[in-house]
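Note that the coordinates shown come from a computational prediction; the quantities given were computed from them, not determined experimentally. All ligand and atom numbering here is 1-based and tracks the order in the structure.
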Amino acid sequence: MACKMTAVACVLTYFALSLYFGSCYSAEYVYDVFNDEDRDALYYDTFPDDFKWSSATSSYQIEGAWNEDGKGPSIWDTFCHEGGHVYENHTGDVACDSYHKYKEDIALMANLGLKNYRFSIAWSRVLPTGKIDSVNEDGIAYYNNVIDELLDNGIDPMVTLYHWDLPQGLHDDYGGWMNESIINDFNDYAKLCFERFGDRVKFWITFNEPWIVALLGYESGVFAPGINEPGTIPYVVGHNLIKSHAEAWHTYDDQFRSVQKGVIGITLNSDWSEPHDRKNYKHIFASERAMQFSLGWFGHPIYKNGDYPEIMKTKIAEISAGQGLPQSRLPEFTEEEKVFINHTGDFFGLNHYSTNYVVNPTNENYELPGYWGSDVNVPSWKEESWPQSASSWLKPVPWGIRQILVWIHNEYDGIDSYVTENGVSTHDVYDLSDEERMKYYKSYINEVLKAIKLDGANCKGYTAWSLLDNFEWAAGYSERFGMHYVDFSDDDRPREVKDSAKLYADIIADNGFIEDNTSRSLVVEGSVLLTAFVVIIVNTL
Ligand code: GBH
């Protein structure tokens, strides 16, 4: 009898332990709120062998040396110096002082195991007035030094030609992006960069986030040059940005590609717009409308057919008419321009940070002409329960990056895509154990892996924003995006490694996510032992 009781107890223990150990290797989640087993569980696999691991910065946000060695002023120098636009009137005058500390920065990249580094050239450092007759050899020398130091460390440069710091002279002369004279000047500048740096730079991005340039620079005015003219001007700016991009792409394609053998594309930014109810076709349409107004505004002409998305053309024309205007606020491309613009991107660069739910609009409103006032008209929000970063606009929603990569893949015929920015902010406190950033990178990179392995997206690289804490535009230094802490109160701007840098280095070293086998072997060993034990007990009965 006692033996029988022991046997029963053993069998029960056996089941209890199997359950316990079994749960050790069931699904793992990074965020408590995102715990749908089919969607959010961590996925174990590695990236393709040639996957490009990178990290990004931009000139105005890190360089400092705003007026050294012949650099001319940019619209961001003016905007910051004017006061009243940026948190506590912070400026990029010194920033991370990378102009003097670039070797230290590149040593940090080498420690991360980076294979690529995305940075931008300050147009007014190489051409102080913005015009081709003003070449500043000291400025050219700086970027030559950066590029050579990168290559010495086995890191390939990914170079952005324009990350928002327009030479002030071009804005003063003719209104910068509002005037199509900019197309020639941008092309001259791009050509100079191909000539001087293209022997070593094989990856070019013409523009960082034209959507932000047009809307934050000219519709809301919260970014330089601070113009607040909703309605038509932001679309004119967008038009000139697209034409400038196409011109530079053709210059590279015609005059440099055959010798230099690089690629050139553009980087577009967007949140993912998730239909709130995927069974409601109106929510699906709302998502599509929102995506076409963000990525499609620039992506459709450049990657699809040389022209704006149909929904943008019809909606803006209809709303403009409703506003009593004689013609659409969205400019038109000529037939020749469409042919010239079509397929001027060798890859699709994506900057992505967050996701929104969207639902269908009730009806069009004509009150406030403008992109946000009347044109997009897709109600969107972020759930209260989603985690919050230090930036009001940024809530981590890891599954969104998988959706947006698949959308790009389907919309643009399987084009090669690169995540050229992705990251999260923490508050301005000294804390090297940046748990929230670790969670963000781990979950987002894992979702990129799913997009590639499970959905077949042609994503070829991932870039973490940012290498360093830096000047976060209108938020100044109040929001930190870096994997390295920078002390902005110290003249030396010392850098310190945060835990997220170590996590990123591990992911790069493993080229993805390798399952920890300890729990699995515990289950196997535990089961074998217990089975043997039960067999022995039962046999002795
Ligand atoms: C990227 O833009 C930029 O390329 C990079 O330079 C920047 O540091 C990084 O993001 C982090 O922001 O609340 O009205 O001030 C991403 C797009 C631009 C979205 C700024 C949020 C703030 C709008 N972001 N924007 S506002």
Side-chain angles (χ1 to χ4, degrees), residues 54-63 74-76 79-80 84-88 90 92 95-96 98 118-122 158-166 205-224 226-228 230 234 241 266-273 294-295 297-298 349-356 370-372 380 382 388-397 400-401 404 418-428 437 440-441 444 463-483 486:
S54 185
S55 180
T57 61
S58 87
S59 47
Y60 189 71
Q61 294 179 275
I62 67 159
E63 285 179 4
S74 80
I75 55 173
W76 268 96
F79 193 66
C80 293
H85 300 296
V86 174
Y87 176 84
E88 292 187 348
H90 291 168
C96 307
S98 290
R118 174 174 177 237
F119 66 96
S120 79
I121 294 177
M158 298 170 137
V159 177
T160 309
L161 291 170
Y162 186 81
H163 201 124
W164 310 350
D165 41 0
L166 181 73
I205 294 166
T206 54
F207 292 103
N208 181 69
E209 305 185 347
W211 186 95
I212 292 281
V213 175
L215 293 174
L216 274 65
Y218 300 83
E219 171 142 332
S220 71
V222 302
F223 282 7
I227 291 172
N228 177 214
L241 286 163
I266 189 169
T267 277
L268 308 181
N269 66 293
S270 184
D271 282 4
W272 168 246
S273 292
S294 59
L295 291 186
W297 179 357
F298 303 92
L350 172 72
N351 288 358
H352 174 80
Y353 289 86
S354 190
T355 281
N356 303 300
Y371 180 92
W372 285 306
S380 69
K382 297 181 198 296
Q388 179 65 52
S389 72
S391 310
S392 58
W393 53 273
L394 202 176
K395 277 174 164 274
V397 189
I401 199 169
I404 198 169
Y418 290 84
V419 176
T420 45
E421 278 180 33
N422 176 240
V424 73
S425 59
T426 45
H427 292 286
D428 179 21
R437 184 167 294 101
Y440 187 95
Y441 282 138
Y444 268 80
T463 310
W465 183 273
S466 175
L467 180 73
L468 305 168
D469 292 336
N470 59 45
F471 176 80
E472 178 50 23
W473 307 112
Y477 300 98
S478 67
E479 297 170 13
R480 293 177 176 268
F481 276 87
M483 291 182 286
V486 179

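Scanning all protein heavy atoms for the shortest distance to atom 20 (C) of ligand 1 gives F223 CZ, 3.6 Å. Nearest protein heavy-atom contact of atom 12 (O) of ligand 1 is E472 OE2, 2.6 Å. For atom 17 (C) of ligand 1, the closest heavy atom belonging to the protein is E209 OE1, 3.6 Å. Given atom 14 (O) of ligand 1, the protein heavy atom at minimum distance is V222 CG2, 3.9 Å. Among protein heavy atoms, atom 23 (C) of ligand 1 sits closest to L216 CD2, 3.6 Å. Shortest contact from atom 13 (O) of ligand 1 to any protein heavy atom: W393 CD1, 3.9 Å. For atom 1 (C) of ligand 1, the closest non-hydrogen atom of the protein is E421 OE1, 3.0 Å.
The distance from the CG atom of L467 to the OG atom of S55 is 4.5 Å, given to the nearest 0.5 Å. Atom-to-atom distance recorded for T420:OG1 and L268:CG is 8.5 Å, nearest 0.5 angstrom. C80 contributes atom SG, which lies 8.5 Å from atom NE2 of H85 (distance to the nearest 0.5 angstrom). Interatomic distance, OH of Y218 versus CD1 of I227, reported as 5.5 Å (0.5 Å rounding).
Remark: ligand 1 atoms within the under-4.0 Å shell around heavy atoms of N351 are 4 (O). Contact atoms of ligand 1 toward N208: 4 (O) (distance under 4.0 Å to a heavy atom of the residue). Taking a cut-off of under 4.0 Å to the non-hydrogen atoms of Q61, the atoms of ligand 1 that pass are 5 (C), 6 (O), 7 (C), 8 (O).
W393 and F481 have parallel rings, their planes meeting at less than 30° on a 0 to 90° scale where 60° marks the start of perpendicular. Taking the six-membered ring where tryptophan is involved, the planes of F471 and W473 are perpendicular, since the angle between them exceeds 60° and thus also 30°.
For W164 and Y60, the distance between ring centers is not under 6.0 angstrom.
Contact annotation: for N470 versus ligand 1, there are no heavy atoms closer than 4.0 Å. Here L394 has no heavy atoms under 4.0 Å from ligand 1, in either its backbone or its side chain.
When W164, Y353, W473, Y87 are ranked by how near their heavy atoms come to atom 10 (O) of ligand 1, first place goes to Y353.
Distances shorter than 4.0 angstrom do not occur between any heavy atom of E479 and any atom of ligand 1.
Between the side chain of Y353 and the main chain of L394, no donor-acceptor pair closer than 3.5 Å is present.
Side chain to side chain, N351 and N422 fail the donor-acceptor criterion of an N or O pair below 3.5 Å.
An N or O contact shorter than 3.5 Å links H163 to ligand 1 by distance.
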